[in-house]
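Have a look at this one before I ask anything.
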2 protein chains.
Amino acid sequence: MNQEEYDVNKFERPSVTVDLVVFSIINDNLKILLIKRKEWPFKGKLALPGGFIKMDETLEEAAERELREETGLKNQYLEQLYTFGDVKRDPRTRVITISYLALINSENITLKAGTDAESVNWFDVKNIDNLAFDHNMIINYALERLRTKISYSNIVFGLLPELFTLTEVQKAYEIILDKELDKRNFRKKLNSLNIIEKTNLTRKDGLHRPATLYRLFNKEFELKIFK
Amino acid sequence: MNQEEYDVNKFERPSVTVDLVVFSIINDNLKILLIKRKEWPFKGKLALPGGFIKMDETLEEAAERELREETGLKNQYLEQLYTFGDVKRDPRTRVITISYLALINSENITLKAGTDAESVNWFDVKNIDNLAFDHNMIINYALERLRTKISYSNIVFGLLPELFTLTEVQKAYEIILDKELDKRNFRKKLNSLNIIEKTNLTRKDGLHRPATLYRLFNKEFELKIFK
DNA sequence: TGAATAGTGTCTTTCAGACAATATGCC
DNA sequence: GGCATATTGTCTGAAAGACACTATTCA
């Protein structure tokens, strides 16, 4: 067989989508971005934002596009999670979906529903049930990845603003891991990693001593082992 | 839109394949299974075993089928790695591939080339260059996953026979991590994990004291943290 | 009995985890 | 000066890492 003889239509082909698990911390809770579906199948049900891959974009570009369409954001932390391909996961036809994990700081973000969605909103991860497709499974997978990876990488800063206090970092860990951490041990560890630096700014936040603001040394994610 | 109006052919669809990175330890070297391609594109080049996904099989079933076709093995350690989808990665058409990592003990295995392969063989991972498609990248990804995951899981036993000596386990770590380990520390750690048990068999292996054979307590992979 | 690998224990260092008092800015 | 959060250090226990000698089988 050579190039001329090759027939691209010889095999039946599945459809391929990307689905996004977008996390953010809002009001001290871990939230996830969900849309309400406007069309069959699962019309009216909540689902992950996502959509079909275009023939001229890479998987990551597709994920970035979906994230931009829903949140207006680009250059956020974005990581491929897992590919789900059960035969009957979509009632329309065979659909294989590549899931992505995105972390954003949701301050000053305006959500806009995509074309296939009636609405987009933040939902508490503790309070999610019965989503469309196999999206509950995808969220569980994403949560596990987030909880594991936060312990050996610096991805937590994907959820924080550019300037942050040490208390905010600690709180992010506590929210995601769902357990309290010791303040002295936490700061000792964080300092030993040499990934953040003090600014000479502070955040005044009520009738008490203001907290020093810090920033990441280096915006590259995952360069430093957090372990 | 409802079920009747939905047109599965509305969107142009990519082809989807699975590709397998099959590792084994042979003669104290980490080896990988490669085929020689029989057809265009990349005719005559080495490539990972793999193939198109059938419409009625899951991704994992497709990976299991490919592994069985090349090695005759089933129920081996098999883990989804990553999905590669660059637009031009395959000259035929848009092809997205879901890569899988498989670990096998290659004793008493007979390799058989699949239909699209001229031959199948084991190749030393240190000695691999210029594969078809983006398969070098996939192998690098797989190697990194293997090296990372061996440190916090029990997947190493996927490379070993059912009965093994402690020296064999240590050697597997040394080969994969490409560094020497201290025998006493290694055994202390391995024992503390409570995942293997002594048998009353030994392996006589030359003119010296025979080694006790051990077996895994539990064949489930990844249940125990190796860390 | 010599060759070759199997098998075993102690000490040191490092890191995680428990734990509470002082510092600072604001009203 | 009182309130509220920020900031800081020591001790203990567990695990990692460095290190060398004895045991056993077979030719």
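All figures in this text were calculated on a predicted structure; none of them were measured in a lab. The figures that follow rest on heavy atoms only: side chains count, while hydrogens, waters and symmetry mates do not. In what follows, chains are A, B, ... by sequence order, proteins preceding strands, each numbered from 1.
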- Item | Upstream residue (5' side of DNA chain D) when A/H208 and B/N185 are each assigned their closest nucleotide |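 It is A/H208, whose closest nucleotide lies nearer the 5' terminus.
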- Query: Where do B/R37 and B/S119 land on the side-chain hydrogen bond (donor to acceptor under 3.5 Å, both in side chains) test, with the steps shown first?
  - Reply: CA-CA 8 Å; B/R37 288 184 58 80; B/S119 58; over 6 Å; no
- Message: If I take atom CG in residue A/L207 and atom P in nucleotide D/dA6, what distance separates them, rounded to the nearest angstrom?
- Response: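 The distance from CG of A/L207 to P of D/dA6 comes to 12 Å, rounded to the nearest Å.
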- Query: CG of A/N191 versus C1' of D/dA6: gap in Å, rounded?
  - Reply: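 Distance check: A/N191 CG to D/dA6 C1' gives 13 Å.
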- Would a distance-only check, ignoring hydrogens and angles, find a side-chain to backbone donor-acceptor pair under 3.5 Å from A/Q80 to A/E60?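 No; judged by distance alone, with no hydrogens or angles, the pair does not exist.
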- Please check the phosphate of D/dT7 (OP1 and OP2 only) for any side-chain N or O of A/T212 closer than 4.0 Å.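 Result: yes.
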- Item | Presence of A/R187 side-chain N/O under 4.0 Å of D/dT7 phosphate oxygens OP1/OP2 |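 Checking A/R187 against D/dT7: at least one side-chain N or O falls below 4.0 Å of OP1 or OP2.
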- Donor-acceptor contact present, side-chain A/T97 to main-chain A/T17, <3.5 Å: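 Yes, A/T97 side chain to A/T17 backbone: donor-acceptor pair under 3.5 Å.
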- Atom pair distance, as rounded to whole Å: NZ in B/K183 and C1' in D/dC19: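 B/K183 atom NZ is separated from D/dC19 atom C1' by 14 Å.
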- Mind running salt bridge (charged side-chain N to carboxylate O under 4.0 Å, His left out) on A/E69 and A/K112 for me, showing each step along the way? CA-CA 7 Å; A/E69 284 174 8; A/K112 1 169 216 197; over 6 Å; no
- Item | Euclidean distance, atom CZ of residue B/R184 to atom C1' of C/dC11 [Å, nearest integer] |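 For the pair B/R184 CZ and C/dC11 C1', the rounded distance is 12 Å.
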- Can you find a donor-acceptor pair, distance only, under 3.5 Å between A/R209 side chain and D/dA4 base?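 Check fails, no donor-acceptor contact within cut-off.
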- Is the ring centre of B/Y77 less than 6.0 Å from the ring centre of B/F157?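 Not under 6.0 Å, so no.
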- Quickly work out the A/R203 CZ to D/dT7 P distance and round it to whole Å.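 Those two atoms, CZ and P, are 12 Å apart.
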- Query: Given D/dT25, is OP1 or OP2 found less than 4.0 Å from the side-chain N or O atoms of B/K204?
  - Reply: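 Answer is no, no contact under 4.0 Å.
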- Message: Output the rounded distance in Å from CG (A/D205) to P (C/dC26).
- Response: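 After rounding, the gap between these two atoms is 12 Å.
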- Query: Rounded to whole angstroms, how far apart are CG on B/D182 and P on D/dC21?
  - Reply: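 Roughly 14 Å, once rounded to whole Å.
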- Scan A/T167 against the nucleic acid and name what it touches under 4.0 Å (heavy atoms): base, sugar-phosphate only, or nothing.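 Answer is sugar-phosphate: A/T167 comes under 4.0 Å of backbone atoms only.
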- Determine whether any donor atom in the side chain of A/K188 lies under 3.5 Å from an acceptor atom in the base of D/dT10, or the reverse, and answer yes or no.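 Looking at the base of D/dT10, it does pair with a donor or acceptor on the side chain of A/K188 (distance under 3.5 Å).
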- Item | For atom CD1 of B/I196 and atom C1' of C/dG7, their distance in whole Å |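 Rounding to the nearest Å, CD1 of B/I196 and C1' of C/dG7 are 13 Å apart.
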